[in-house]
2 protein chains.
Amino acid sequence: MTKAVGRPPRSETEIIEFRTKVSQHAMALYRQDGFEAVSIRRLSKAVGCAPTTLYAHFAGKTEILMLLWAEVLAEMAEHVQASVKTTSDPAERLKAAALAFVSYWIDHPDHFRLVFMSNDVGRSDVDSFIETGDVLGYFQMFADLIRNLDPKPGDVKVRTDALVAGMIGVSLCSITVRNYPWSATSMITNQVIEGITA
Amino acid sequence: MTKAVGRPPRSETEIIEFRTKVSQHAMALYRQDGFEAVSIRRLSKAVGCAPTTLYAHFAGKTEILMLLWAEVLAEMAEHVQASVKTTSDPAERLKAAALAFVSYWIDHPDHFRLVFMSNDVGRSDVDSFIETGDVLGYFQMFADLIRNLDPKPGDVKVRTDALVAGMIGVSLCSITVRNYPWSATSMITNQVIEGITA
DNA sequence: GGATTATTTGGAACGCGTATTAAATAATGT
DNA sequence: ACATTATTTAATACGCGTTCCAAATAATCC
């Protein structure tokens, strides 16, 4: 019953500790100097390892960015949750949540670009933010708000999907298409949820 | 009255001819081998000039990509226009146009990524597709369809903005968030325009 | 042909993300 | 201490977008 000779593989604890360390440094760089500061070379220096070591732990830079996504999405969810607490009327809660969602991204365009538009997001071989943290939980949050409006059961899913897509569309357009005279964001958002609360 | 000595600057014709040449080669590379094939080095070889010459004519790669945007957007507009011709009922025309818009991008995810998600699109110092070709004309097309529904005049602008943002949101989500079980795109799209046709 | 001026070129450089590989280092058992 | 094995490292390389700059080339006039 002899243990294997040689250096043992990384333990579960070591793996998690390293990933956490990388995540913290990546987030610090991002918050301090923006997205461009999160380069592999700069991040490895901050962590205190060689650039190639990052590739031994992560599939690529996008996987590292996903750690940032999780933090941003959690922050957005808190913001939305806080807005829902301001009222108890189902339609008003939904409206408040939608407005909070859109305003969060518009107030943090860098975050939006990080999560929705960075590093080949959307490529067929690149995962999206749906794999990050409890994102389905965020979708569920909106689904619950819609269910409280008491629509037909089969409608909840379609309405939820349309709501999420609509809110993301409003955020994207406001952030990226700045030289078009959009109506007030709140008005567009309310128009988008018009058919969802009907 | 002697003309200046020395080589004259590029004529208007020369400028346009070169830009057209670059545009054609960029489009050929893009259609043949995808977005990644449109590299400065590869494009300059195809055009038959030095890489730095491209920078003498364009502010950067993004400006070259805008030439591709114009072509893609024109193609999308044709697709949408063709769908509108299938019916004469205002609400049905709007629905057909919205579905055609969304299906165009979903059928051409590379085009969507090219126009909405490539090369720092959304950065505060980078222009968006709104500067490309007759984009305001495309917005106007949807505005006209909505105006034919006879809503209150002040409503047309908000409804148009919400429609465009909603359609783009649906396209973005379908293309980038593939590992979430979205409802059928047509159902989401119809739900998005529910409050616009009401 | 020479002078002048604008344009293009070639070469080098930078940091980027990523990949490769031999060497160095670390962590174990005997 | 040595052997073994896993991990990390350093160095190099690639193509990417972009920049710089002197030299080469092109297009004019005299």
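These values consider heavy atoms only, across backbone and side chains, with no hydrogens, waters or symmetry-generated copies. Note on naming: letters A, B, ... go to the chains in the order of the sequence lines (proteins, then strands), and numbering restarts at 1 for each one.
Note on A:Arg41: a base of the nucleic acid sits closer than 4.0 angstrom, heavy atoms only.
For the atom pair CH2 (A:Trp105) and OG (A:Ser171), the distance works out to 8.0 Å, reported to the nearest 0.5 Å.
Straight-line distance from the CG atom of A:Leu43 to the C1' atom of C:dC16: 14 Å, rounded to whole Å. Put simply, CZ on B:Arg7 is 15 Å from P on C:dT5, counting in whole angstrom units. As a whole-Å value, the separation of B:Ile40 CD1 from C:dG10 C1' is 17 Å. Following rounding to the nearest Å, B:Glu14 (CD) and D:dT28 (C1') show an atom-to-atom distance of 12 Å.
Closest to the side chain of A:Arg10, from the set D:dT7, D:dC16, C:dT7, is D:dT7.
With hydrogens and angles ignored, the 3.5 Å screen pairs a side-chain donor or acceptor of B:Tyr30 with a backbone N or O of B:His111.
If you check residues 49-60 of chain A against DNA chain D, the residues with a heavy atom closer than 4.0 Å are A:Cys49, A:Ala50, A:Thr52, A:Thr53, A:His57, listed by number.
Checked by atom type, the side-chain pair B:Glu194/B:Asn190 shows no donor-acceptor distance below 3.5 Å.
Each of A:Gly6 and B:Gly6 was matched to the nucleotide of DNA chain C holding its nearest heavy atom; the match closer to the 5' end belongs to B:Gly6.
Within the 4.0 Å cut-off from OP1 or OP2 of C:dC16, at least one side-chain nitrogen or oxygen of A:Ser39 is found.
If you look at A:Phe112 and A:His108, their ring centroids are not closer than 6.0 Å.
Cluster membership for B:Met141 and B:Phe101, using ILVMFWY side-chain heavy atoms within less than 4.5 angstrom, is shared.
The overall bend of the helix from C:dG1-D:dC30 to C:dT30-D:dA1, read as the angle between its terminal helix axes built from five base pairs each, is 20° when rounded to 10 degrees.
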